[in-house]
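The residues of the chain are indexed from 1 along the displayed sequence. All values below were derived from every heavy atom in this structure, side-chain atoms included, with hydrogens, water molecules and symmetry-related copies excluded.
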Amino acid sequence: MATTTTADSSRVDREKDWDFHLRSLSSNARDSSSASDPASDPYILQSVKKIYDIAREGGSEELVARAYPQINKLFQRCVSALPQSQTSNGVLLLTILQFFLDFGEVVLHDADPSLKAFFRSCLSREFADPVIAKATLDFLNLNKAKLLSSFPTLLPQFFPLLLKLIAWNGERLEKLFMMLFPAMMSIGSFLPLFHSLMDLPILVASLEKVEKSSGSLIGSSIASIQKSAAPEMLLALMDEAYTGSAIEDRGGDSGSDDNNDIDVSDPVFLDILKDENDGITERPWTSPAMTAMLQAAINNTQSERLKQVLHMTPQFLALYFSIALRDVNDSLLCALIPLVMSRYATTFPDKVFSHEVQKRLSDFMLAAFQQCPKFIALLKKPITDRLGEAYDNPAKTELALHLCWAIGEHGAGGVAYKDVARELFENLELLLYENLLSSRLGLSQESDIEPNNVAFRKSSQARLLCFVVTAIAKLATCHNELLPRARVSLAKVARSRNIDRRVWRRACDYLGLMSEPAICLSILGPSTEKPKVPGIINWSEGGSKMIAHVPFYILSEQEGPPFHDFSFSDIIPEK
């Protein structure tokens with residue numbers, strides 16, 4: 001009896017609280033000052049939270065139905081008041097959105113327009129607020145499963161805005177962002193997301209430029225730039241199309257009084273600051289706006305925010321590539337590889353950052369070829385183009401090294417792609433002969449890695465030739481019809497007088513191996529296709545078939561039967 005009385009008392013108290021907080025919402029709507037800016041009432045957030053908590057605890061559909069009209073009106077008034085509001089609305093709107101997500105089915109509310117309204121009207125203005133940024137990531141992570149099942153296009157659509165959020169707020173939100181990151185990837189966002197990740201340092205530089213030109217980012221500064229400059233650009237383009245007049249240079253009217261070189265109304269600049277994914281394309285790094293931003297980044301001291309992004313971006317790329325290799329279909333994966341090649345030598349001009357990013361790019365590219373060797377055949381044209389650029393700069397030389405290795409390792413895609421193998425073999429021959437006759441490598445751009453540029457070029461040339469010679473030998477081993485040409489190429493290297501000794505030794509070794517076809521196929525054959533014939537060793541099975549860590553053939557000169565109890569002193573002679 002006492003238990004029943006306590007339950008009834010608790011229910012009565014809950015209903016009293018419910019009525020009180022509902023009246024608070026109604027009075028907020030009637031108050032003229034609050035009507036124009038609902039979030040200015042300091043108690044309104046507490047009322048919404050209390051209503052949500054009571055609805056969660058009570059589980060009554062009647063209570064939810066009574067509260068929904070008031071909460072929905074409050075949400076609409078907050079969104080409408082955002083352009084003129086002086087108060088942060090983010091936490092209040094997120095609390096209301098949580099109500100919509102949890103009880104939307106009860107009141108038949110479609111939360112998709114509300115979620116989009118929050119991103120476009122609130123987060124686009126308040127992403128720089130650290131409290132709103134963290135609250136947003138907490139909300140999205142908490143509801144990630146529901147968002148992926150009911151609103152699968154939401155996060156892929158607004159990934160540029162979420163990148164602005166992490167770019168500005170830095171490493172303190174890195175873990176929360178990486179938890180959410182996989183949900184931002186979809187068929188429509190996969191390729192645009194790669195370019196945006198690569199340009200994350202440029203995004204930071206752009207945001208800092210806006211802050212310097214227009215004041216704090218918490219507000220409507222970026223939104224006003226996007227809305228005011230875009231129509232001007234559209235009118236200028238129409239004028240050019242119809243009258244033939246050139247678009248005037250607005251570099252001096254960029255909204256800043258410090259004569260900066262970056263024009264905030266430039267289309268490239270506005271593209272970087274987009275909030276939504278509408279098919280973002282590769283940004284022209286030769287455009288005046290991009291050149292100005294890069295030059296400013298080189299000349300000025302790096303801000304703490306930029307340093308953090310330079311550290312985070314390689315981690316984001318590593319996560320992006322791991323998800324791509326695991327979950328993305330072959331068509332998108334194949335389409336990504338040429339973009340990776342095009343961006344390999346085009347990164348933000350910081351040495352440590354470039355090294356870390358290029359390592360992630362090359363690791364992904366080689367892993368993708370290992371996972372699907374036929375990509376080499378499908379991408380024959382971009383691969384040959386990159387081989388032809390091996391002389392331009394050290395980064396492109398490094399890319400050519402990786403491509404040479406992949407061509408040889410996977411037999412240009414496999415034994416079924418004989419025509420592709422022949423064309424790639426001819427490109428490798430051309431690369432080899434050009435380097436035998438001259439020392440072109442690196443002549444078009446001075447290296448800033450090695451003080452002695454001549455020594456560095458020679459070392460890079462030798463390293464490239466080692467990879468080219470190996471690729472020629474491996475390609476000919478996979479495709480026997482190329483063996484005569486491979487022997488001729490390797491013999492020319494072996495007879496060359498001015499070649500680096502490492503290259504000469506490698507060519508001689510491969511010529512010797514080619515006289516023993518079974519051994520040659522075991523050592524130089526493609527790793528992904530191994531014929532099952534006697535005498536061929538499958539090295540990938542060595543871990544399960546070896547019975548000792550030191551093969552017994554090393555002990556061939558020891559007298560007596562083989563024994564298991566030995567030490568390395570029996571094998572390695574004392575000096």
For Y391 and K396: C-alpha separation, side-chain torsions, deciding distance, then whether side chain to side chain contact (heavy atoms under 4.5 Å, CB included) applies. CA-CA 7 Å; Y391 312 106; K396 292 185 177 182; over 6 Å; no
Do [X] side-chain atoms and [Y] backbone N/O form a donor-acceptor pair below 3.5 Å?
{"X": "T470", "Y": "W405", "result": "no"}
{"X": "S213", "Y": "V210", "result": "no"}
{"X": "N329", "Y": "L332", "result": "yes"}
{"X": "D199", "Y": "I202", "result": "no"}
{"X": "E211", "Y": "L217", "result": "no"}
{"X": "S196", "Y": "P192", "result": "yes"}
{"X": "N169", "Y": "F127", "result": "yes"}
{"X": "D129", "Y": "S88", "result": "no"}
{"X": "Q371", "Y": "L325", "result": "yes"}
{"X": "S150", "Y": "L147", "result": "no"}

Is there side-chain contact between [X] and [Y], with heavy atoms separated by less than 4.5 Å?
{"X": "L319", "Y": "F177", "value": "no"}
{"X": "L82", "Y": "L93", "value": "yes"}
{"X": "K116", "Y": "Q157", "value": "yes"}
{"X": "M184", "Y": "I323", "value": "no"}
{"X": "L378", "Y": "V420", "value": "no"}
{"X": "C404", "Y": "L387", "value": "yes"}
{"X": "F158", "Y": "R120", "value": "yes"}
{"X": "M198", "Y": "L339", "value": "no"}

List the atom of [X], the atom of [Y], and the distance in Å for their closest heavy-atom pair.
{"X": "P314", "Y": "E356", "value": "CG-CB, 3.8 Å"}
{"X": "M312", "Y": "I166", "value": "CE-O, 3.9 Å"}
{"X": "V309", "Y": "A167", "value": "CG2-O, 3.6 Å"}
{"X": "S80", "Y": "P83", "value": "O-CD, 3.4 Å"}
{"X": "Y320", "Y": "F190", "value": "OH-O, 2.6 Å"}
{"X": "S342", "Y": "T346", "value": "O-OG1, 3.4 Å"}

Does the distance from a Lys or Arg side-chain N to an Asp or Glu carboxylate O, for [X] and [Y], drop under 4.0 Å?
{"X": "E389", "Y": "R386", "result": "yes"}
{"X": "R56", "Y": "D102", "result": "yes"}
{"X": "E208", "Y": "K212", "result": "no"}
{"X": "R463", "Y": "E398", "result": "yes"}
{"X": "D363", "Y": "R360", "result": "no"}
{"X": "K380", "Y": "D385", "result": "no"}

Quick check: F75 with F99 (ring centres under 6.0 Å apart)?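 No; F75 has its ring centre 6.0 Å or more from that of F99.
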Does the plane of the ring in F364 sit parallel, tilted or perpendicular to the ring in F321? Use 30° and 60° as the thresholds.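 F364 and F321: parallel rings.
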Audit row: S114, L97, side chain to side chain contact (heavy atoms under 4.5 Å, CB included) steps and yes/no: CA-CA 7 Å; S114 303; L97 286 174; 3.7 Å; yes
Decide if atom [atom1] of [X] counts as having more than 12 heavy atoms of other residues, nucleotides or ligands within a radius under 6.0 Å.
{"X": "K374", "atom1": "NZ", "result": "no"}
{"X": "H109", "atom1": "NE2", "result": "yes"}
{"X": "K146", "atom1": "NZ", "result": "yes"}
{"X": "L430", "atom1": "CG", "result": "yes"}

Walk me through it: do F348 and L200 pass the test side chain to side chain contact (heavy atoms under 4.5 Å, CB included)? CA-CA 9 Å; F348 188 81; L200 208 53; over 6 Å; no
Hey, mind stepping through T95 and L45 against side chain to side chain contact (heavy atoms under 4.5 Å, CB included) and telling me if it holds? CA-CA 8 Å; T95 307; L45 176 61; 3.7 Å; yes
Roughly how far, to the nearest 0.5 Å, is the [atom2] atom of [Y] from the [atom1] atom of [X]?
{"X": "F159", "Y": "D275", "atom1": "CZ", "atom2": "CG", "value": "11.5 Å"}
{"X": "N143", "Y": "L180", "atom1": "CG", "atom2": "CG", "value": "11.0 Å"}
{"X": "H311", "Y": "D350", "atom1": "NE2", "atom2": "CG", "value": "12.5 Å"}
{"X": "L361", "Y": "L399", "atom1": "CG", "atom2": "CG", "value": "9.0 Å"}
{"X": "L74", "Y": "L92", "atom1": "CG", "atom2": "CG", "value": "5.0 Å"}
{"X": "L424", "Y": "I407", "atom1": "CG", "atom2": "CD1", "value": "4.5 Å"}

My understanding is that only one of L123, L155, T136, N277 makes a side-chain contact (heavy atoms from CB on, under 4.5 Å) with L161; could you say which?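 With L161 as partner, side-chain contact (heavy atoms from CB on, under 4.5 Å) holds for just one option, L123.
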Within the 3.5 Å criterion, strictly below it, is a donor on S354 or T347 matched to an acceptor on the partner's side chain?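 A pair is found: one side chain offers a donor N or O, the other an acceptor, under 3.5 Å apart.
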